[in-house]
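All residue numbers in this chain count up from 1 along the given sequence.
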Amino acid sequence: MALYVVAYPRFDSAAEARRIEGLRREHDPQAEAIAAHVTLVFGVAGISPEVATAHLRAVAVGHSRFAVGFTAAALRQGITDRDFYAYLLPDEGAQVLVDLHDALRGGPFAGQKVLPYEPHITLGRAPGPAALERLVAEVNARRRVLRATVDSLNLLEVDGGGISLVAVADLP
């Protein structure tokens, strides 16, 4: 069992939300398991869900809901694997996501291995860059800012049986 913390941006445009999910279904093998999200804490084991929930709620109280503007897509090679990823990157709200990531990495999550953090929504994953290069170019050609609001933090448990929601902490 591993615990993750994610934020599900609520897109201002339902049409854009459907478009993002459609792209993800086409290019991201995890799209059926989890909706578009920004991961704030990656796969931590050895912490009880109750302790993690208390920490999640304490961090949420110190932050407010905020706007996010996703402005561009980028191609990245995986840090822990050889796959390539197409990321939707925020401009507006990016620093707040980094601050939340840093705050969540304290308390019971302190001492866990931390990889370089770049807030993003994964649009696609592939063993090579070719298919994702087209996806990144298509998203960037639209030159649109995808506006959304982040109003909660979600603690998820991931195991062989899938992904389950443990707790939600609303941002005031």
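In this structure, H101 contributes its side chain and L40 its backbone to a donor-acceptor pair below 3.5 Å. Although no hydrogens or angles enter the test, the distance criterion places no donor-acceptor pair under 3.5 Å between the side chain of D28 and the main chain of L123. Looking only at distances, a side-chain donor or acceptor of E21 sits under 3.5 Å from a matching main-chain atom of A36. At least one donor-acceptor pair under 3.5 Å links the side chain of H55 to the backbone N or O of L104. For H120 (side chain) and E118 (main-chain N/O), a donor-acceptor pair under 3.5 Å exists by modelled atom type.
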Stepwise, does the side-chain contact (heavy atoms from CB on, under 4.5 Å) test hold for T149 with F66?
CA-CA 6 Å; T149 302; F66 60 98; over 6 Å; no

In sequence, state the C-alpha distance, the side-chain angles, and the governing distance for L23 and L135, and then conclude on side-chain contact (heavy atoms from CB on, under 4.5 Å).
CA-CA 8 Å; L23 291 172; L135 172 61; 3.8 Å; yes

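Note: L3 CG to L56 CG = 10.5 Å, rounded to the nearest 0.5 Å. In this structure, the separation between NE2 on H37 and CG on N154 is 10.5 Å, given to the nearest 0.5 Å. From E92, atom CD reaches atom CG of L146 across 12.0 Å, with rounding to the nearest 0.5 Å. The structure places CD1 of I34 at 12.5 Å from CD of E32, a figure rounded to the nearest 0.5 Å. Between the OG atom in S13 and the CZ atom in R19 there is a gap of 9.5 Å [rounded to 0.5 Å]. Remark: D151 CG to S64 OG distance equals 11.5 Å, nearest 0.5 Å.
Counting heavy atoms from C-beta outward, T39 and T122 have side chains that stay 4.5 Å or more apart. Put simply, the side chain of L153 reaches to within 4.5 Å of the side chain of L100, judged on heavy atoms. R125 places none of its side-chain heavy atoms less than 4.5 Å from the side chain of H27. Residues P90 and L97 meet the side-chain proximity criterion, which asks for heavy atoms closer than 4.5 Å. Two residues are said to be in side-chain contact when any heavy atoms from C-beta on lie closer than 4.5 Å; T71 and L89 fail this criterion. The shortest distance between side-chain heavy atoms of R105 and V41 falls below 4.5 Å. Using a 4.5 Å cut-off on side-chain heavy atoms (C-beta onward), L156 and V166 make no contact. Side-chain contact check for P9 versus V68: every heavy-atom pair is 4.5 Å or farther apart.
Nearest heavy atom pair, residue R24 against residue A35, reads NH1-C, 3.4 Å. Here the closest non-hydrogen pair linking L132 and A126 is CD1-N, 3.7 Å. Closest approach of V150 to A7, counting heavy atoms only: CG1-CB, 3.8 Å. Heavy atoms only, all atoms of each residue included: L155 and P49 are closest at CD2-O, 3.9 Å. Heavy-atom minimum distance, P108 versus V51: CB-CG1, 3.6 Å.
Residues L88 and V145 are members of separate hydrophobic clusters, defined by side-chain heavy-atom contacts under 4.5 angstrom among Ile, Leu, Val, Met, Phe, Trp and Tyr. With hydrophobic clusters built from ILVMFWY side chains whose heavy atoms lie under 4.5 angstrom apart, Y85 does not share a cluster with V158. With hydrophobic clusters built from ILVMFWY side chains whose heavy atoms lie under 4.5 angstrom apart, Y8 shares a cluster with I163.
Between the side chains of R76 and Y87, no donor-acceptor pair of N or O atoms lies under 3.5 Å.
For Q30, the CD atom counts as loosely surrounded, since its 6.0 Å shell holds 12 or fewer non-hydrogen atoms of other residues, nucleotides or ligands. More than 12 heavy-atom neighbours from other residues, nucleotides or ligands sit within 6.0 angstrom of CZ on R65.
A search for side chain to side chain contact (heavy atoms under 4.5 Å, CB included) contacts involving D170 returns S152, V168, not counting sequence neighbours.
Evaluation of the salt bridge (Lys or Arg N to Asp or Glu O under 4.0 Å) test over residues 130-142, restricted to residues two or more places apart or in two chains, returns E16-R142.
A tilted orientation is assigned to the rings of F70 and F11, their planes being inclined by 30° to 60°. Using cut-offs of 30° and 60° on the angle between ring planes, the pair F42 and Y117 is perpendicular.
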